[in-house]
A.B. asks: 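Input: one structure, supplied below.
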Amino acid sequence: QVQLVESGGGLVQAGGSLRLSCAASGLTFRRYVMGWFRQAPGKERGFVAAINWGASRTYYADSVKGRFTISRDNAKNTVYLQMNSLKPEDTAVYYCGADRGGSSWYNSGEYDYWGQGTQVTVSS
């Protein structure tokens, strides 16, 4: 059974940092594009960042460029999201997803598997 488990969320002041982790099991991790999405109350799940299987290509939403960094460790079956200079508008539940194929990394509908999410709250 495929499982994606996020961790690392919490409460942080504006300007602070958090690192999210997503541990995968039940799939051949290195074959998947891995992505991070977030969903705030009353809003649609939106794209944050994605990384391909070889970590040679990354893609970021404009709202997080220069602040967030996605990375992966295939030996540990884990993808990370380093979040710096956090803003209150970053507050959301953050989800990791795994995409076996397709080219639209920014589209949540392309992803085959999802984690349960981890809450990130940024106070002002």
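Heavy atoms only: backbone and side chains are in, while hydrogens, waters and symmetry mates are out. The structure displayed is predicted, hence computed values, not measured ones.
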A.B. asks: Starting at OG1 of Thr118, measure out to CG of Leu81 and round the result to the nearest 0.5 Å.
C.D. replies: 11.0 Å
A.B. asks: May I ask you to test the Arg45-Tyr111 pair for a side-chain heavy-atom distance under 4.5 Å?
C.D. replies: no
A.B. asks: Considering residues at least two apart in sequence or located in another chain, which fulfil the ring-ring contact (aromatic ring centres under 6.0 Å, His included) criterion with Tyr106?
C.D. replies: none
A.B. asks: Any donor-acceptor pair under 3.5 Å linking the side chain of Glu6 with the backbone of Gly117?
C.D. replies: yes
A.B. asks: I want to check something: taking the side chain as every heavy atom from C-beta on, are Gln13 and Leu86 in contact at a cut-off of under 4.5 Å?
C.D. replies: no
A.B. asks: Using a 4.5 Å cut-off on heavy atoms from C-beta on, say whether the side chain of Met83 contacts that of Trp36.
C.D. replies: no
A.B. asks: Measure from the side-chain N and O atoms of Arg57 to the backbone N and O of Asn52, and report whether any donor-acceptor pair falls under 3.5 Å.
C.D. replies: no
A.B. asks: Is the shortest side-chain heavy-atom distance between Asp112 and Asp99 below 4.5 Å?
C.D. replies: yes
A.B. asks: If you compare all heavy atoms of Val120 against all heavy atoms of Gly9, which two are closest, and at what distance to 0.1 Å?
C.D. replies: CG2-CA, 4.2 Å
A.B. asks: Give the intermediate values and the outcome of side-chain contact (heavy atoms from CB on, under 4.5 Å) for residues Thr91 and Gln119.
C.D. replies: CA-CA 8 Å; Thr91 295; Gln119 177 71 48; 4.1 Å; yes
A.B. asks: State, with a plain yes or no, whether a side-chain heavy atom of Trp105 is found less than 4.5 Å away from one of Glu110.
C.D. replies: no
A.B. asks: Is it possible for you to say whether Val64 and Phe47 belong to one hydrophobic cluster, with membership spreading through side-chain heavy-atom contacts below 4.5 Å?
C.D. replies: no
A.B. asks: Show the nearest heavy-atom pair for residues Trp114 and Gly97, with the distance to one decimal.
C.D. replies: CE3-CA, 3.9 Å
A.B. asks: Look only at the side chain of Thr78 and the backbone of Lys76, and say whether a donor-acceptor pair between them is shorter than 3.5 Å.
C.D. replies: yes
A.B. asks: Taking the side chain as C-beta and beyond, is there a heavy-atom pair between Tyr80 and Asp73 under 4.5 Å?
C.D. replies: yes
A.B. asks: Do Val48 and Tyr113 land in one hydrophobic cluster if side-chain heavy atoms of ILVMFWY residues count as linked below 4.5 Å?
C.D. replies: yes
A.B. asks: Do you reckon Tyr32 sits in the same ILVMFWY cluster as Val2, going by side-chain contacts under 4.5 Å, direct or chained?
C.D. replies: yes
A.B. asks: As an exercise, state the distance from CZ of Arg19 to OG of Ser71, rounded to the nearest 0.5 Å.
C.D. replies: 7.5 Å
A.B. asks: As an exercise, state the distance from CD of Gln1 to OG of Ser25, rounded to the nearest 0.5 Å.
C.D. replies: 8.5 Å
A.B. asks: Tell me whether Val122 is reachable from Tyr95 by hopping between hydrophobic residues (I, L, V, M, F, W, Y) whose side-chain heavy atoms are closer than 4.5 Å.
C.D. replies: no
A.B. asks: Are side-chain heavy atoms of Ser63 and Arg38 found at a separation under 4.5 Å?
C.D. replies: yes
A.B. asks: Distance from Gln82 atom CD to Ile70 atom CD1, nearest 0.5 Å?
C.D. replies: 12.0 Å
A.B. asks: Tell me the closest heavy-atom pair linking Ala40 and Ala92, and the distance in Å.
C.D. replies: N-CB, 3.9 Å
A.B. asks: Applying a strict under-4.5 Å side-chain criterion to I, L, V, M, F, W and Y, I'd like to know whether Leu4 and Val79 cluster together.
C.D. replies: yes
A.B. asks: Provide the closest heavy-atom pair for Ala14 versus Ser124 in the form atom of the first, atom of the second, distance.
C.D. replies: CB-CA, 4.5 Å
A.B. asks: Any idea which heavy atoms bring Ala98 and Leu27 closest together, and the distance?
C.D. replies: CB-CD2, 4.2 Å
A.B. asks: Other residues, nucleotides and ligands only: do more than 12 of their heavy atoms fall within 6.0 Å of CH2 on Trp53?
C.D. replies: no
A.B. asks: Should Lys65 and Asp62 count as an ion pair when the cut-off is N to O under 4.0 Å?
C.D. replies: yes
A.B. asks: Parallel, tilted or perpendicular: which describes the rings of Tyr94 and Phe68, with under 30° parallel and over 60° perpendicular?
C.D. replies: tilted
